[in-house]
Amino acid sequence: MTKKEKRVEQITSRDVDFSQWYTDIVVKAELISYSPVRGCMILRPYGFAIWERLQAEFDRMLKATGHENVAMPLFIPESLLQKEKDHVEGFAPEVAWVTQGGDEVLSERLVIRPTSETLFCAHYAETIESWRDLPKLYNQWCSVVRWEKSTRPFLRTTEFFWQEGHTAHADEAEAREETLRILNMYEDLYRDVMAIPVIKGRKSDKEKFAGARETYTVEAMMHDGKALQAATSHYFGDGFAKAFDITFTDRNNELKYVHQTSWGISTRSIGGLIMVHGDDDGLRLPPRIAPVQIVIVPVAMHKPGVLDAAHALKESLSDYRVKIDDTDKMPGWKFAEHEMKGVPLRLEIGPRDIENNACLAVRRDTGEKQVLPLDNIAEAAGRLLEAIHSSMLSEATELLNKSQYEAADWVTFTDLIAGKPGFVHAYWCGSEDCEAKVKDETQATSRCLVETDKLDGRTCVVCGEPANHLVIWGKAY
RNA sequence: CGAGGUGUAGCGCAGUUGGCUAGCGCGCUUGCUUUGGGAGCAAGAUGUCGGGGGUUCGAGUCCCUUCACCUCGACCA
C-alpha cells in the first residue's frame with residue numbers, strides 16, 4: 001500500500017458512498033463527536049469555530065440593519081404554545097416535555113422550545129403599545145429542541161443551534177419587505193461567506209412553516225444533487241398577532257394588530273458547507289468562513305531559523321486567521337491533516353525557502369502549488385484567498401446550473417427525478433393532490449415556487465390542468 | 001416509527017466446536033534519531049468484552065432482555 005492510497009483510505013470516497021463520506025468527514029475533521037444523548041452532537045472546537053464564524057458574519061449583517069439581540073427562556077408553558085392553532089399542530093408531535101422539577105410534578109407542563117414564536121409574541125403583546133414602539137426587530141442566537149425520529153450530524157439533530165429573528169411591524173408592506181430583506185441577506189451570506197449559490201423561492205402551502213402565511217426559502221444543491229433547505233424567512237401576517245392580542249395604537253389613534261415575520265438559519269448550514277465543497281481528501285472551507293484561513297507548516301523545524309521564519313511569516317499575515325502547526329508530527333502528516341480540515345491555504349516554509357526568501361503556497365481547492373516571495377506575502381496571500389473563494393463559488397454554481405432540468409410531462413418528469421440527481425423545473429396547478437402524488441411516486445418534494453412570467457399555456461406536470469406555478473422539485477435532506 | 005446492521009483499549013478490528021493470564025494494528029507516554037506528502041528504533045501504559053438476567057464446572061463466544069449508534073425508508077430546520 002502506498003502512502004498516497006493510505007491517505008484517502010481514512011475517508012470513504014465521495015462517489016462510492018456519499019452518506020458514509022459525510023459521516024467520515026464530520027468525525028475525522030473533528031467537527032463533532034457523538035454524545036451520550038440520542039440525536040445530539042457535541043460541537044468540538046473546530047466545528048463550533050465554523051459556527052462562530054457564521055454567527056459573526058450574520059450578526060454583523062443583522063446589526064447593520066437595525067436588529068437587536070435578546071435571549072428568551074428555554075421553556076414554554078403548554079398553554080402558551082397552544083395559543084396559535086396551526087403552530088401547535090405543526091410542532092406538537094416533536095416537542096420535548098418537562099413534567100417535573102426536582103421531585104415535584106409541575107402543575108403545568110413546560111415544553112423545551114422547538115422555536116420561540118410564542119415567547120416573542122407574548123412578550124410583544126406586553127411591550128408594544130404605540131406605533132412609536134414599532135418596528136421591533138429582535139433576534140436571538142440559541143439552541144432549540146425537536147424530537148426527531150432520525151437524526152444526522154448537522155443536517156437533523158435533536159438539539160440544534162440557530163438564530164431566530166422575530167419582528168413586528170405596523171403594516172403588511174413593511175413586514176413583507178422585512179421578510180424578503182432577510183431572505184436576500186441569507187442569499188448574500190451563503191454566496192459571499194460560504195461560497196454557496198442558492199435558489200430563492202416560496203414554499204408551497206404543504207411545505208410552509210406552521211402558522212405562517214408565507215414561507216420563503218433559500219435552497220442549495222449538494223454535491224449528490226439533493227436539495228438542502230438552507231434558511232427560511234416567514235411572513236406571518238397578523239395571525240399570531242390576533243392569537244396573542246398584539247395590538248398598538250396607530251397615528252390615527254386606531255387600535256391595530258401588528259404584522260410579523262420570523263426567520264432562521266441553523267447549524268444545518270455547516271452540513272451544506274460540507275456537502276457542497278468537500279472532496280475525497282476531506283473538508284474544503286471557503287476562506288471567509290474558515291476558522292483558520294492559512295496554516296503555516298514549518299519543514300525541518302528543528303533546524304536553526306525555521307521556526308523563527310515561520311513566526312515572522314505569521315506576523316506579516318496578521319490580517320488573516322493564521323495558525324502555525326509546530327507540533328512534532330511529520331510534515332506530510334500535517335499536510336493531510338489540514339487538508340482534511342479544509343484549511344484554504346497552506347504555506348510551507350523550510351531551509352530551502354528561507355534561503356530563497358520565499359515560501360511554498362498550496363491551495364486546498366485545487367491542490368495547486370506555487371512559490372511566493374516573502375516580500376509582499378500578505379498581499380499575495382490575500383489575492384490567493386480571494387481567488388479560492390471565487391473559484392469555489394464558480395465550481396458550486398456550475399454544479400447547480402448543470403444539475404437542473406425541465407420537464408413538461410409526467411414521464412419526462414419521473415425519468416429525470418429517478419435518473420438525474422438534481423432539480424427539475426416543472427409547472428404545477430397548485431393542488432395538494434398533485435403535490436402529494438409527486439412525493440409518493442418519486443420521493444421528490446416541491447422545494448420552492450419561483451417567479452415566472454411564462455405561465456400562459458403551461459399545464460401541470462402531474463394532472464395536465466392549467467398551471468399556476470413554476471416549481472423546483474427535488475429530493476431533499 | 002418500520003426494515004437492516006454494528007457494539008471487545010482512544011480509534012479500527014481479530015478472537016475457531018464455549019476452555020487457561022483477552023489479542024493485533026494505529027494512536028497515546030518517555031527517550032534518541034528524523035522532517036519538502038501520514039518517519040525509524042527502543043521501552044512503556046491503557047479493557048465493567050454496551051448494560052442486566054440466564055444456561056454451564058467454565059461465557060467475549062450460547063439463550064433471553066435492554067440500551068446506544070449507524071444505514072435505508074415514513075415524518076421534519
Side-chain angles (χ1 to χ4, degrees), chain A residues 1-10 12 17-20 22-24 26-28 30 33-41 90-95 114-115 143-164 186 203 206-210 215 217-219 227-234 262-272 281 297-303 306-307 325-340 346-354 358-360 362 367 369 371 439-440 443 445 475-477:
Chain A
M1 183 191 302
T2 69
K3 283 171 179 173
K4 184 76 181 169
E5 280 162 351
K6 188 176 175 190
R7 177 169 108 198
V8 298
E9 186 194 319
Q10 296 226 351
T12 307
D17 184 343
F18 195 76
S19 290
Q20 190 57 48
Y22 178 84
T23 306
D24 285 352
V26 296
V27 173
K28 301 236 164 83
E30 299 181 347
S33 276
Y34 291 100
S35 79
V37 184
R38 191 195 104 88
C40 295
M41 58 183 177
F91 281 101
E94 51 180 0
V95 296
T115 179
S143 70
V144 291
V145 167
R146 299 182 189 176
W147 216 255
E148 299 288 350
K149 306 258 157 95
S150 87
T151 60
R152 297 190 66 188
F154 295 115
L155 301 175
R156 173 153 297 108
T157 45
T158 301
E159 179 187 20
F160 60 90
F161 293 81
W162 74 347
Q163 60 64 221
E164 47 177 321
Y186 286 138
K203 286 290 185 186
K206 183 175 182 300
E207 300 283 332
K208 77 182 185 191
F209 180 83
T215 289
T217 177
V218 288
E219 300 281 323
L228 188 75
Q229 179 175 307
T232 47
S233 184
H234 317 286
S262 89
W263 25 271
I265 183 171
S266 73
T267 34
R268 170 184 273 186
S269 55
I270 296 174
D281 290 330
V297 178
V299 175
M301 63 182 187
H302 60 296
K303 294 199 174 155
V306 172
L307 268 180
D325 188 345
D326 59 358
T327 61
D328 57 6
K329 304 279 191 204
M330 299 298 286
W333 193 95
K334 296 178 187 177
F335 300 162
E337 180 69 11
H338 298 295
E339 278 162 7
M340 189 143 69
R346 177 173 83 239
L347 298 179
E348 301 174 21
I349 187 159
R352 215 158 66 204
D353 307 293
I354 294 167
C359 65
L360 182 70
V362 186
K369 300 183 179 181
V371 175
K439 185 164 189 186
D440 290 346
Q443 325 269 46
T445 51
K475 294 177 184 167
Y477 278 97

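Below, chains carry the letters A, B, ... as their sequence lines are ordered, and counting in each starts from 1.
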Sugar-phosphate only, base, or nothing, as touched by A:Thr157 at under 4.0 Å among non-hydrogen atoms: base

NZ/NE/NH1/NH2 to OD/OE distance under 4.0 Å, A:Glu337 and A:Arg346: no

Donor-acceptor contacts, no H, no angles, side chain residues 262-270 of chain A, under 3.5 Å, sequence neighbours left out:
unit_1   : atom_1 : unit_2   : atom_2 : d
A:Ser262 : OG     : A:Glu117 : OE2    : 2.8
A:Trp263 : NE1    : A:Thr261 : OG1    : 3.0
A:Ser266 : OG     : A:Arg268 : N      : 3.0
A:Thr267 : OG1    : A:Phe161 : N      : 3.3
A:Thr267 : OG1    : A:Phe161 : O      : 3.3
A:Arg268 : NE     : A:Leu155 : O      : 3.1
A:Arg268 : NH1    : A:Gln229 : O      : 3.4
A:Arg268 : NH2    : A:Leu155 : O      : 3.2
A:Ser269 : OG     : A:Ser266 : O      : 2.8

Minimum-distance nucleotide to A:Arg156 side chain [options: B:rC75, B:rC76, B:rA77]: B:rC76

Watson-Crick and G-U pairing of RNA chain B written in dot-bracket, each distance under 3.5 angstrom, with | for inter-strand partners: (((((((..((((.....[...)))).((((((.....)))))).....(((((..]....))))))))))))....

Interatomic distance where CE belongs to A:Met301 and P belongs to B:rG36 [whole Å]: 12 Å

Candidate nucleotides B:rG36, B:rA77, B:rG73, ranked by approach to the side chain of A:Ser150 - the nearest: B:rG73

Sugar-phosphate only, base, or nothing, as touched by A:Glu94 at under 4.0 Å among non-hydrogen atoms: sugar-phosphate

Closest to side chain of A:Ser266, choosing from B:rU35, B:rC72, B:rA77: B:rA77

Touch class at under 4.0 angstrom, heavy-atom based, for A:Leu360 against every strand present: base

Touch class at under 4.0 angstrom, heavy-atom based, for A:Gly271 against every strand present: nothing

A:Lys203 side chain near B:rC76 phosphate (N/O to OP1/OP2, under 4.0 Å): no

A:Lys329 side chain, from C-beta outward: closest of B:rG27, B:rA74, B:rU71: B:rG27

A:Arg346 vs B:rG37: side-chain N/O to OP1/OP2 distance below 4.0 Å: no

